[in-house]
Number of protein chains: 2
Amino acid sequence: MTSTISETREGGAADPPPARRRLPQQGPTLHDELLAALRDYIVEGHLADGARVPERLLCERFGISRTPLREALKVLAAEGLIDLLPNRGARVRELGADELRALFDVMGGLEALAGRLACERINDAELAEIEAVHHEMYRFYLRRDMSGYFRCNQDIHQMIVAAAGNPALEATYASFAGRIRRVRYSANLAKDRDRWGEAMREHEAILDALRRRAGAELSDILFQHLRNKRKAAQAEG
Amino acid sequence: MTSTISETREGGAADPPPARRRLPQQGPTLHDELLAALRDYIVEGHLADGARVPERLLCERFGISRTPLREALKVLAAEGLIDLLPNRGARVRELGADELRALFDVMGGLEALAGRLACERINDAELAEIEAVHHEMYRFYLRRDMSGYFRCNQDIHQMIVAAAGNPALEATYASFAGRIRRVRYSANLAKDRDRWGEAMREHEAILDALRRRAGAELSDILFQHLRNKRKAAQAEG
DNA sequence: CTCGATCAAAATGAATGCAAAACAGCATCA
DNA sequence: TGATGCTGTTTTGCATTCATTTTGATCGAG
């Protein structure tokens, strides 16, 4: 990621503007890079919930003027990552339990759709890839390696969405995933051994339905899978 | 709609800026109104497919400067209504057959989700409302009144989405509906008597599943319903 | 006559400037 | 002592300005 936009480090806030480079705007637009950088910055959780997002500060941090920053903020507001209060600046959107549930349900619906579409298009090679990751995930499960398990888990869901071959779906899914990722729902499966096993069984069912190209069935499983995931995450607050 | 933003009429383009009023920014933000106005303007199809969207012109039309307009354009680009080519301005996004199919599929997935959620929450009063519109639609069908039929049809789908009680879903659904509405898919049911009857039967099934609160089943029906709708629309291109 | 290069005009991307609104601190008063 | 009104500062929203790129046209060569 050799981006033009680079965050100056977080700790020392008293940096003089680091001599803005004036490279001749080669390929990608400055605005787009800034947008992506800001989105990552927020999704990664560097800003506290409900925290003000002062323009001035971010301008200095990213070394740009207010105009492109404000454009990016409008887009992020439209995406639902921040709230834009008139004359009162931007705040990181806080997610109440209800909103979080709503987002999870939409994620479930999107995955359900992805599963249905994937059953129509997926070929054996793609399926084999997913199966490979699935087995890797199973090994992590046996070893009780949560971080590895999570990584595989996320990869599988992402691969199903990709297998749907629907760019609009993929983009929407990514957007919702970002909104949810902000939340620290440490769905701590280690403390809930039952849920972990249940999730593993659900994944077996997912793969089985996918192998059989059973679209409607896979759709249901995926939606319920997300539901259960949400419940496990919220139960533990 | 007594909006601050009002389009000057379309025909005469040689209007001098109509003495911009400087009211003290009362309630709603100027930017938001502009955004909504522009979105409507594009969704309503006032701009040809792939047409350039010249900033200057729109600035004069809406009586504002380029800054808020450009902010709105960024948002619309993020929503997928327009393409923003670097240094080459904005163009109304053209939808090829593939993209249109992808959008329809997502709409189908969203409606499927809405149906599932609606089955969990809907009460008898809401159900009765939908049934009322359904019967009204049936009367339009018997009279072969397409425009009335379409209106009811759209209302029903909207009501199902609303009954899901999920703001995020509702917003996403509205966004996709706007993107699709741009397309002139005159799903001319008059010419395809069979499809019209079939659609009517599908709606009967939808209502039946909703009455029985059969979420998964309704989900399938709605997705297939959208699929068939798309096929009918595209068959006639 | 067609194709390519050069140059003026327009449009875009970003920065700066300015007026209005919100915020913070202090003084005043009940 | 606590609430309230005033004032200076900061922040936001929009307009304007500047630099760069694209666009269109004219001219010339093959």
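Computed from coordinates, the Glu33(B) CD to dC14(D) P distance equals 10 Å when rounded to whole Å. Atom C1' of nucleotide dA22(C) and atom CG of Leu84(A) are separated by 15 Å, given to the nearest angstrom. Protein atom NE2 of His31(A) is 13 Å distant from nucleotide atom P of dA15(C), rounded to whole Å. In this structure, Glu71(B) places its CD atom 15 Å from P of dT16(D), rounding to the nearest Å. Atom pair Ile64(A):CD1 and dT16(C):P shows a separation of 12 Å (rounding to whole Å applied). Rounded to an integer number of Å, the gap from CG of Leu69(A) to C1' of dT16(C) is 15 Å.
With sequence neighbours excluded, the residues satisfying salt bridge (charged side-chain N to carboxylate O under 4.0 Å, His left out) with Glu55(B) are Arg66(B), Arg70(B).
Between Lys229(B) and Met107(B) the shortest side-chain heavy-atom distance does not fall below 4.5 Å.
In this structure, His157(B) and His225(B) have parallel ring planes: the angle between them is below the 30° cut-off, well short of the 60° mark.
The cationic atom of Arg179(B) (NZ for Lys, CZ for Arg) lies less than 6.0 Å from the six-membered ring centre of Phe176(B) and within 45° of the ring axis.
Side-chain contact of Tyr173(B) with Glu111(B): a donor-acceptor pair under 3.5 Å is present, judged by distance alone.
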Please write out each protein N/O paired with an N/O of nucleotides 5-12 of chain D under 3.5 Å, distance rounded to 0.1 Å.
residue : atom : partner  : partner atom : Å
dT12(D) : OP1  : Arg52(A) : NH2          : 3.3

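When the side-chain nitrogen and oxygen atoms of Thr67(A) are compared with OP1 and OP2 of dA14(C), none of them lie within a distance under 4.0 Å.
Nearest heavy atoms, Glu99(A) versus Gly96(A): OE1-N, 2.8 Å.
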